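To start, the structure under review is shown below, and the notes come after it.
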Amino acid sequence: MSDFGSSTQIIAADVGAGTGIGARLLADRGIKVVAIEPNEDMRKAATSHENVEFLVGTAERIPLENASVDLVTSFQAFHWFDFDKSLKEFRRILKPSGRLALTWSFWDQDDFVSKEYTRLVFEASTDREHQSQSGMQLKTWFKNIRYQLFWQGLWLPYFTNLQRHAFLSNQSLDFPGLIGLARSQGFTPSEGKDLEKLMSDLAVFHQRFCDRQGLVRLLYRTRLYTAISNHR
């Protein structure tokens with residue numbers, strides 16, 4: 001069990017933390033973050049941060065005490081969790097009136113440049129099974145009325161004041177940035193001819209779409225769901 005941070009400092013649990021990108025963004029703002037990640041390779045690949053502690057765990061079994069955190073977050077991961085068990089576990093570790101934030105961000109498929117970048121990254125994937133499973137998982141959501149109610153921002157068990165927020169954002173990247181973003185997805189090739197082809201394709205993509213400063217602008221659509229723990 002983890003126990004750190006002052007009594008006045010915000011403590012967050014980032015569940016399904018991956019390599020800790022979201023956890024570090026929170027930590028940069030002075031929040032103490034417990035990053036929960038079951039995958040050893042992801043934990044090993046994480047960049048260290050003085051305000052982030054990684055623990056082995058899952059959304060359904062989080063190694064934290066009852067009412068021990070102020071905030072639970074999950075970035076791009078909640079659809080992999082057991083819906084009821086994870087939410088019940090989130091409520092258990094949250095303090096009374098603690099906050100939940102669930103986030104998904106997608107490259108905007110209405111923008112031609114972003115759509116083309118998406119195509120190149122997914123075509124290069126060496127883990128098509130993972131992509132297929134992720135896609136099927138999301139499709140399962142939309143066939144289930146419980147998930148539909150959540151996705152529409154209407155209902156979430158164990159929590160109150162559910163709100164859905166939508167944002168448009170953009171990111172301007174140079175050529176190394178485009179490669180780094182692609183490789184950070186976890187399903188893109190890490191070596192060999194597949195990686196070489198991806199880099200070659202991205203070089204052409206960069207030359208085609210970069211501005212005078214050598215930057216390519218990608219657009220994102222983000223959905224953020226926030227709620228308050230319903231302690232009884």
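All of these numbers come straight from a predicted model, not from anything done at the bench. Along the sequence shown, residues are numbered consecutively beginning with 1.
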Between [X] and [Y], is there a donor-acceptor pair closer than 3.5 Å when you use the side chain of the first and the backbone of the second?
{"X": "Arg61", "Y": "Gly57", "answer": "no"}
{"X": "Arg164", "Y": "Arg223", "answer": "no"}
{"X": "Ser86", "Y": "Asp82", "answer": "yes"}
{"X": "Gln213", "Y": "Leu215", "answer": "no"}

Problem set entry | Whether Phe90 and Phe78 hold their rings parallel, tilted or perpendicular, with breakpoints at 30° and 60° |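 Answer is tilted, since the angle falls between 30° and 60°.
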For this session: Go through Leu218 and Leu181 one step at a time and tell me if the side-chain contact (heavy atoms from CB on, under 4.5 Å) criterion holds.
Result: CA-CA 11 Å; Leu218 299 178; Leu181 177 61; 3.7 Å; yes
Side-chain H-bond candidate by donor/acceptor type, [X] with [Y], under 3.5 Å:
{"X": "Ser114", "Y": "Gln109", "value": "no"}
{"X": "Gln163", "Y": "Tyr225", "value": "no"}
{"X": "Trp107", "Y": "Tyr117", "value": "no"}
{"X": "His206", "Y": "Asp174", "value": "no"}

Does any part of the side chain of [Y], heavy atoms only, come nearer than 4.5 Å to the side chain of [X], both counted from C-beta?
{"X": "Leu55", "Y": "Arg43", "answer": "no"}
{"X": "Val113", "Y": "Phe205", "answer": "yes"}
{"X": "Asp84", "Y": "Tyr158", "answer": "yes"}
{"X": "Ile179", "Y": "Met199", "answer": "yes"}
{"X": "Lys95", "Y": "Ser229", "answer": "no"}
{"X": "Ile36", "Y": "Thr58", "answer": "no"}
{"X": "Pro157", "Y": "Phe83", "answer": "yes"}

Exercise. What residues form a salt bridge (charged side-chain N to carboxylate O under 4.0 Å, His left out) with Lys197, not counting sequence neighbours?
Worked result: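 With neighbours one apart ignored, the set is Asp201.
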Exercise. Within a radius of less than 6.0 Å around CZ of Arg217, do more than 12 heavy atoms belonging to other residues, nucleotides or ligands occur?
Worked result: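 Not buried by this count: 12 neighbours or fewer within 6.0 Å.
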For this session: State the CD-CD1 distance between Gln9 and Ile31, to the nearest 0.5 angstrom.
Result: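 Here the rounded value is 8.5 Å.
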Exercise. Atom CG in Leu71, atom CG in Leu94: separation rounded to 0.5 Å?
Worked result: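 If I round to the nearest 0.5 Å, the distance is 7.5 Å.
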Problem set entry | Path from Val33 to Ile21 over hydrophobic side-chain contacts below 4.5 Å |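 Different clusters: Val33 never reaches Ile21 through Ile, Leu, Val, Met, Phe, Trp or Tyr contacts under 4.5 Å.
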Exercise. Going hydrophobic residue to hydrophobic residue with side-chain gaps under 4.5 angstrom, can you get from Leu100 over to Leu162?
Worked result: yes
Exercise. Between Glu89 and Lys85, is there a side-chain N and carboxylate O pair less than 4.0 Å apart?
Worked result: no
For this session: Sort and list the pairs that fulfil salt bridge (Lys or Arg N to Asp or Glu O under 4.0 Å) and have at least one residue in residues 100-116, not counting sequence neighbours.
Result: Asp108-Arg221, Asp110-Arg221, Glu116-Arg119
Problem set entry | Sequence neighbours excluded, every pair satisfying salt bridge (Lys or Arg N to Asp or Glu O under 4.0 Å) that has a member inside residues 12-23 |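 Of all non-adjacent pairs touching residues 12-23, none passes salt bridge (Lys or Arg N to Asp or Glu O under 4.0 Å).
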Exercise. Looking at Trp104 and His79, what are the two nearest heavy atoms and their distance?
Worked result: NE1-ND1, 3.1 Å
Problem set entry | Sole candidate of Leu87, Ile228, Thr226 that passes side-chain contact (heavy atoms from CB on, under 4.5 Å) when paired with Phe159 | Leu87
